[in-house]
2 protein chains.
Amino acid sequence: MVPSPTGAGRPRTRGTVLNHIRSARTVSRIELAATSGLTPATITGVVRELMDHGLVVEVGRGASTGGKPPTLLQVNPDARYAVGILFERNTCVIVVVDLTGQQVARTSFPSTALMPPQQALSLVAARVDALLGTAAVDRDRVLGVGLATYGPQDRQAGVLLTHQPTDEWFGYPVGPFLSGLLGLPVLLDNDAVAAAIGEHWLGAVAERAFGCVYMASGIGGGVVVDGEVYRGSSSNGVAIGHITIDIDGDPCDCGNHGCLGNYADPSALVKQAMEASGLGQRLGLDPDDPDVMTGFRRIATAAGAGDPTARRLIERSARYIGTAATTMTNLFDLDVIVLAGPSLAVARTIYHSVIEAEVRRRTFARRAHPVRVVMSVSGSDAAAIGGAVLVLQSELAFLDLDRPAVTGSVPATARSQPT
Amino acid sequence: MVPSPTGAGRPRTRGTVLNHIRSARTVSRIELAATSGLTPATITGVVRELMDHGLVVEVGRGASTGGKPPTLLQVNPDARYAVGILFERNTCVIVVVDLTGQQVARTSFPSTALMPPQQALSLVAARVDALLGTAAVDRDRVLGVGLATYGPQDRQAGVLLTHQPTDEWFGYPVGPFLSGLLGLPVLLDNDAVAAAIGEHWLGAVAERAFGCVYMASGIGGGVVVDGEVYRGSSSNGVAIGHITIDIDGDPCDCGNHGCLGNYADPSALVKQAMEASGLGQRLGLDPDDPDVMTGFRRIATAAGAGDPTARRLIERSARYIGTAATTMTNLFDLDVIVLAGPSLAVARTIYHSVIEAEVRRRTFARRAHPVRVVMSVSGSDAAAIGGAVLVLQSELAFLDLDRPAVTGSVPATARSQPT
C-alpha cells in the first residue's frame with residue numbers, strides 16, 4: 001500500500017528534527033522550533049517519540065532567558081550506527097560510525113585488485129562482520145553500508161559500469177551482492193562524492209557551495225551546494241580526472257584525450273619517476289607493480305625529505321591538479337575546494353600550497369567572492385567515513401521508527417544473492 | 001508585513017497551475033489535477049481566478065472518456081508580456097515575448113561597445129520603448145525586462161563585475177539604472193544561462209540534465225537540471241570560455257592560463273586568419289576593428305564556401321569547443337548539449353558536426369546514458385528570448401493577481417535612477 005501523504009510526512013518531520021538536533025550538538029526545544037520552522041507542539045511530540053526510541057536524550061539545562069532554564073537535547077550517538085567502505089584497486093578501508101558521524105571502529109587491508117568480484121566482496125563482507133564484532137556494535141542498530149568506489153556506476157542498481165580493475169567488474173552488481181552477504185542495505189556511490197558529503201555532515205565547511213578534489217589511485221570530484229550533492233543526469237559527474245588539460249594530449253582509456261589523471265595521478269608519477277634521471281632506481285620503484293600506491297608514497301616521502309627531482313614531480317602534479325581545480329571552480333562557482341583522499345594526504349603540504357595558489361589566482365568568479373582551499377578533516381579515510389554518512393543521511397531523510405533498523409530499506413532485488 | 005504561509009501559498013499555487021497549463025498547451029481540469037497533484041477543488045478555484053484575470057481561456061471540449069467531454073483550457077498569450085535584451089559588446093537584440101514565450105516583436109542594433117554605460121543604457125531603454133509602441137503592447141501588461149549579458153556579475157544587485165568592454169562598466173548598476181529609465185523590473189543574468197532556460201521553457205529539451213554552449217563575441221555556458229538553473233555560490237559558474245585547454249598556454253585577462261576563449265572565440269579566429277597565409281588580406285580583415293563579429297562572419301562564410309584555410313580555422317575552433325564541451329559533460333553529467341548564440345549559428349554545420357563527434361566519443365558517462373548535441377531552437381536570439389523567459393518564470397513562481405503587472409517586483413533600490 002502506498003502510504004498517505006500524511007503518513008509519509010511524519011517520518012520526514014522526525015528526520016528533520018533529528019538532523020537539527022545532530023547539527024546543533026545540544027539544543028533546546030524552543031531553539032529547535034525556531035531553526036526548524038516547526039510549531040512548538042510538533043517539536044514536543046516528535047522529540048517525545050525520538051526519546052521513547054532512545055535516539056535523543058536530555059543532557060541538563062541551558063542558560064535562562066528570563067524564565068525556567070530550558071532542557072537541552074542531544075542525539076544519543078549509540079542509538080544507531082552505519083558502516084562505510086572505501087573500496088579501491090589497492091586498498092580497502094572499513095569504518096563504523098555512530099549516529100553523529102563519529103568513527104567508532106576502523107580496519108583496512110591491502111589490494112583486492114586482482115581478485116574476481118565475488119571473492120573480493122566476500123572478503124570485504126567477512127571484514128565488516130569481524131569489525132562489528134570487535135567493536136561490540138549491535139547488528140540491529142546498524143542502518144546500512146555505504147560502499148564508496150570509482151565510476152562510472154549505475155548507482156540505483158548498485159552496478160559498476162567500468163572495466164577497472166578487470167573486465168569481470170563491468171556490470172557486476174556489487175551493491176546487491178554485498179547486501180546479500182551482509183543482510184544489510186548497501187548504498188553504492190562515488191568515492192569523491194562520499195568524501196564531499198562526509199565533509200559537509202561533519203560540519204567542516206560553512207559556505208554555500210564546495211567541491212571535493214579526491215585522489216587515491218585515481219582522481220575524482222564531488223560537489224555539494226546548499227547541503228545537497230550535485231548529481232546531474234546519472235550521478236556520474238564531476239569526473240575531474242578526465243578534464244582535458246592538454247588539447248593535443250595522448251588518448252586516455254576513457255575515450256578522451258589529454259586527461260588530468262594521465263599527468264598527475266599516482267600511476268603517472270611512478271612512470272615519470274622511472275624516466276627522471278635515476279629517481280626510480282634510487283627509490284627502488286617497480287614500474288610493473290600493480291600497487292602503484294607504494295611507489296607513489298616513496299616519491300612523496302622523498303619530495304618531503306628534500307629530493308629535488310621528487311619534489312619537482314609532486315609540484316608539477318599539484319600544479320596540474322590546481323589547473324583542474326580552477327576549471328572546477330570556474331564551472332561550479334565554488335566557495336571552497338576540499339582536498340581529500342590518501343594520495344593528497346601523503347604529500348599534503350606541497351599539494352595544499354600549490355593548489356591553493358593556483359585556484360586563488362586563477363578563478364573567474366574571485367571578484368564575486370573568495371575561494372578557499374582546505375585539507376579534509378577526515379584525511380585518508382574521507383571516502384569511507386563519507387560512505388557511512390551517506391547511509392545516515394539517507395535514513396534520516398525518512399525516519400521510520402516502526403521497523404527494525406536492519407531490514408527496512410533493502411530492495412527485494414538487493415536481498416537475493418546472485419548466483 | 002511578512003505574508004503568512006497560507007497567504008504565500010496561494011500565489012505559488014496559481015503560478016504552478018498556470019505553468020502546467022502553459023507547458024501542456026491545452027489541458028482539461030481533470031488532467032491538471034492529475035499532473036499537478038492538487039485536488040480538483042483547488043484546481044477549480046484557481047482556474048476560476050486565472051480566468052477572471054484573463055490569464056487563462058476555455059477553448060472548446062476534449063475527447064469524452066465516457067461522460068461529458070471535458071472543457072479544455074489554454075493560457076491566453078496576450079494576457080502578459082516580457083522583454084528580453086541580449087546586451088553584447090558588438091550588438092544588442094531586444095525581443096518582446098508573450099505569456100507562452102513566443103516572440104511577438106524584435107529589433108537589433110549594432111555596437112554600443114565604446115559608449116559609457118549611461119549613454120548605452122539610455123539608447124537601449126529608448127529602443128525598448130519604441131519596440132513596445134510599434135508592437136502595440138500595453139505597458140501595464142509587461143511583467144519586466146530580462147537583461148542577458150556577460151559576467152562575472154552581482155546578479156542580486158544588478159551590477160557587472162567585469163571591466164569589459166571598458167573600465168567604466170565595472171561595478172556599474174546596470175539593472176537598477178535601466179529599471180529606473182523604463183519603470184519596469186529588470187532581472188540581470190548571464191547570456192548563456194538565459195539561453196539555457198529559454199531552451200527549457202520552449203520545450204526543446206526533454207531530458208533531465210542539459211547544458212548550453214553559447215558563443216557570441218565570447219564563449220559561456222549554462223546548465224539546467226530538472227528544470228532549475230545550476231547557480232552555485234553566486235551564479236557565476238559554467239564559465240566554459242575560461243576552461244584551461246592548454247596547461248602551458250598563455251595568460252588570459254581573467255587571471256587563468258590557456259583559456260578556451262583565447263583559441264576558439266571570434267577574436268582569436270580573426271587573429272589566426274591574419275597569421276594564416278594571406279587569408280586575412282583575402283577577406284579584407286582589419287585586426288584593429290573592435291567589431292570582431294564582422295571579421296568572424298567573413299571567415300565563417302568563406303569556410304562554408306569551401307575556402308580550405310578558413311575551414312581549417314573554424315574546424316579547429318569547433319574541436320577546441322568540443323573539448324571544453326566534453327569537460328562540461330564530464331563535470332555536470334549532461335544528457336544534452338545545446339549550441340546557441342550568433343557565432344555558433346553563423347557556421348552551424350561545421351560546429352554542430354565537429355562538437356557532436358567530440359562529445360559523443362569522449363564523454364566519460366557515455367556508458368551510463370547517451371549524450372546528444374543539438375542546435376538551439378532560438379538560434380542567434382537565444383539569449384534575448386531566454387532573458388524574457390527568465391522574467392516569465394520568475395513571475396510565474398509567485399503569481400500575485402492583486403497588484404498591477406508593472407510595479408510589483410522592482411526592489412526599492414532599483415526604482416531610483418542613479419545620478
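Below, chain A is the first sequence line, B the second, and so on; all start at residue 1. Basis for what follows: all heavy atoms, side chains included, without hydrogens, waters or symmetry-related copies.
Between A/His369 and B/Asn236 there is no side-chain heavy-atom pair separated by less than 4.5 Å. Put simply, the side chain of A/Ile243 does not reach to within 4.5 Å of the side chain of B/Asn330, judged on heavy atoms. Side-chain contact between A/Gln153 and B/Arg367 is absent, with no heavy atoms from C-beta onward closer than 4.5 Å. With contacts defined as side-chain heavy-atom distances shorter than 4.5 Å, the pair B/Thr244/A/Ile245 does not qualify.
Only the side chain of B/Thr326 has a heavy atom closer than 4.5 Å to any heavy atom of chain A. The contact between B/Arg366 and chain A is made entirely by side chain atoms (from C-beta outward), counting heavy-atom distances below 4.5 Å. When heavy atoms are compared at a cutoff of 4.5 Å, B/Thr329 does not approach chain A at all. If you measure heavy-atom distances from B/Val225 to chain A, the contacts under 4.5 Å come from the side chain alone.
Ring geometry, B/Phe364 versus A/His242: the interplanar angle falls under 30°, so the pair is classed parallel (tilted spans 30 to 60°).
Between A/Asp248 and B/Arg319, at least one side-chain nitrogen of the basic residue sits less than 4.0 Å from a carboxylate oxygen of the acidic one, meeting the salt-bridge criterion.
Contacts between residues 249-257 of chain A and chain B, defined by a heavy-atom separation under 4.5 Å, are made by A/Cys254, A/Gly255, A/Asn256, A/His257. By a heavy-atom distance cut of under 4.5 Å, B/Arg208, B/Ala209 are the residues of residues 204-219 of chain B near chain A, going up by number.
Shortest non-hydrogen contact noted between A/Leu331 and B/Phe332 is O-CZ, 3.2 Å.
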Give the intermediate values and the outcome of side chain to side chain contact (heavy atoms under 4.5 Å, CB included) for residues A/Tyr230 and B/Val223. CA-CA 12 Å; A/Tyr230 176 85; B/Val223 164; 4.0 Å; yes
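At a cut-off of 3.5 Å, with distance as the only test, no side-chain donor of A/Asp333 or B/Ser233 sits close to an acceptor on the other residue.
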